[in-house]
2 protein chains.
Amino acid sequence: MLISTRGRYALRLLIDMAEHSGKDYIKLKDVAERQDISEKYLESIVKQLVTGHIIVGLRGKGGGYRLSKAPDEIVVGDIMRLMEGGLAPVACLENESFNCPRMGMCRTLNFWRGLDDVIHKYIDSYTIADFMRTDESGNDYVI
Amino acid sequence: MLISTRGRYALRLLIDMAEHSGKDYIKLKDVAERQDISEKYLESIVKQLVTGHIIVGLRGKGGGYRLSKAPDEIVVGDIMRLMEGGLAPVACLENESFNCPRMGMCRTLNFWRGLDDVIHKYIDSYTIADFMRTDESGNDYVI
DNA sequence: CTAAAAACCTATTAATATAGTATGTTAGTT
DNA sequence: AACTAACATACTATATTAATAGGTTTTTAG
């Protein structure tokens, strides 16, 4: 599994926030309810997004979260890399610490790099805006 | 991690077998040594490849394994799907049993399907022959 | 000024997958 | 008959995932 619940939930959360953004801050409780995701689990996801400067939190009564930039500036690839801590399809590409001794002579390394490329290219071609409802018909489907 | 050691090792094993194939059957012990992979662990991988009709085993002295078809007929995508048991990048696409209740209204499903597509398209564009050494210079690199 | 609300923080846990290891048994060759 | 190599089954340590639990801090509203 390349993408875990953290990445998927983060995406749904951000789309939800983008669609419900107005003057007020958005409460996690509301998102959790609408998206049917455990509020407590969402908290840990949201924390990461705050650290990554994707969203901003405001404490206290009347507080909540808001996006730190426009939906069309939030690249899905950035969210996934943030939430999953990298997105390497194979261990060889994950980090420096792996440091495979076969690196220099490996026949398959470039193949994996190519796979890594197509994945990042794809997810970097989408922003949160691409997932938002474009009309007011109440149509929840993206065709 | 989309691809585990099983998928990676299977690929290296098949490339190794393709390059060392002659009239004799290839012994697992030799592949394990050349590739520096535990022979016992390779056994479990090889078992899956036999079941999947990618390679054929011959018991007894002088036995071993051989490819069941030409290297350029062995598609890497088929190997990965066999070894990893599917290759879904997200749980939603994995199997019928997951059966997400949001399937019908999910805003992100098509995005994940697209990701799934680019992954399969990429790995299906390679065969074992693409990894084999083309000259006799002893050059182990694929540029 | 106090109570409520909401973000923020830290620790724990059940379940599952991964990457092997260990110990055999069966079949076929020399 | 001895040897070899595939084939088979069971076990294990470690890590990750997907949460849950229970609390603390900050801020606004009444």
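Letters A, B, ... mirror the listed sequences (proteins, then strands); counts begin at 1.
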Test side chain to side chain contact (heavy atoms under 4.5 Å, CB included) applied to A/C92 and B/R8, step by step: CA-CA 10 Å; A/C92 328; B/R8 282 191 290 124; 3.6 Å; yes

Let's go through A/Y122 and B/Y122 carefully: what are the C-alpha distance in whole Å and the side-chain angles of both, what is the deciding distance for ring pair (Phe, Tyr, Trp, His ring centres under 6.0 Å) to 0.1 Å, and is it a yes or a no? CA-CA 12 Å; A/Y122 178 80; B/Y122 178 80; over 10 Å; no

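The shortest distance between the side-chain N/O atoms of A/Y65 and the OP1/OP2 oxygens of C/dC8 is below 4.0 Å. Under 4.0 angstrom from either OP1 or OP2 of D/dA18 there lies at least one side-chain N or O belonging to A/S4. Listed pair B/Y9 / C/dG20 meets the phosphate criterion, a side-chain N or O lying under 4.0 Å from OP1 or OP2.
In the hydrophobic clustering of this structure, B/M1 does not group with A/M83; members are Ile, Leu, Val, Met, Phe, Trp, Tyr whose side-chain heavy atoms approach within less than 4.5 Å, directly or through other members. When the side chains of ILVMFWY residues are joined at heavy-atom separations under 4.5 Å, either directly or via intervening members, A/V75 and A/L13 end up in two distinct hydrophobic clusters.
Listed in residue order, the members of residues 21-52 of chain A having a heavy atom less than 4.0 Å from DNA chain D are A/S38, A/K40, A/Y41.
Ranking C/dA27, C/dA19, D/dT28 by closeness to the A/K61 side chain, first place goes to D/dT28.
Applying the under-4.5 Å side-chain rule to Ile, Leu, Val, Met, Phe, Trp and Tyr, the cluster around B/Y25 extends to B/L58.
Taking for each of A/G62 and B/G62 the nucleotide of DNA chain C with the nearest heavy atom, the 5'-most of the two is the partner of A/G62. Both B/A91 and B/V56 lie close to DNA chain D; mapped to their nearest nucleotides by heavy-atom distance, the more 5′-ward contact belongs to B/V56.
Look at CZ on A/R59: it is 11 Å from P on C/dA7, rounded to the nearest Å. The nearest whole Å value for the distance from the CG atom in B/L58 to the P atom in D/dC7 is 8 Å. Distance B/M83 CE to C/dA17 C1': 15 Å, rounded to the nearest Å.
Looking only at atom types and distance, the side chain of A/S4 has no donor-acceptor partner in the side chain of A/Y9 under 3.5 Å away.
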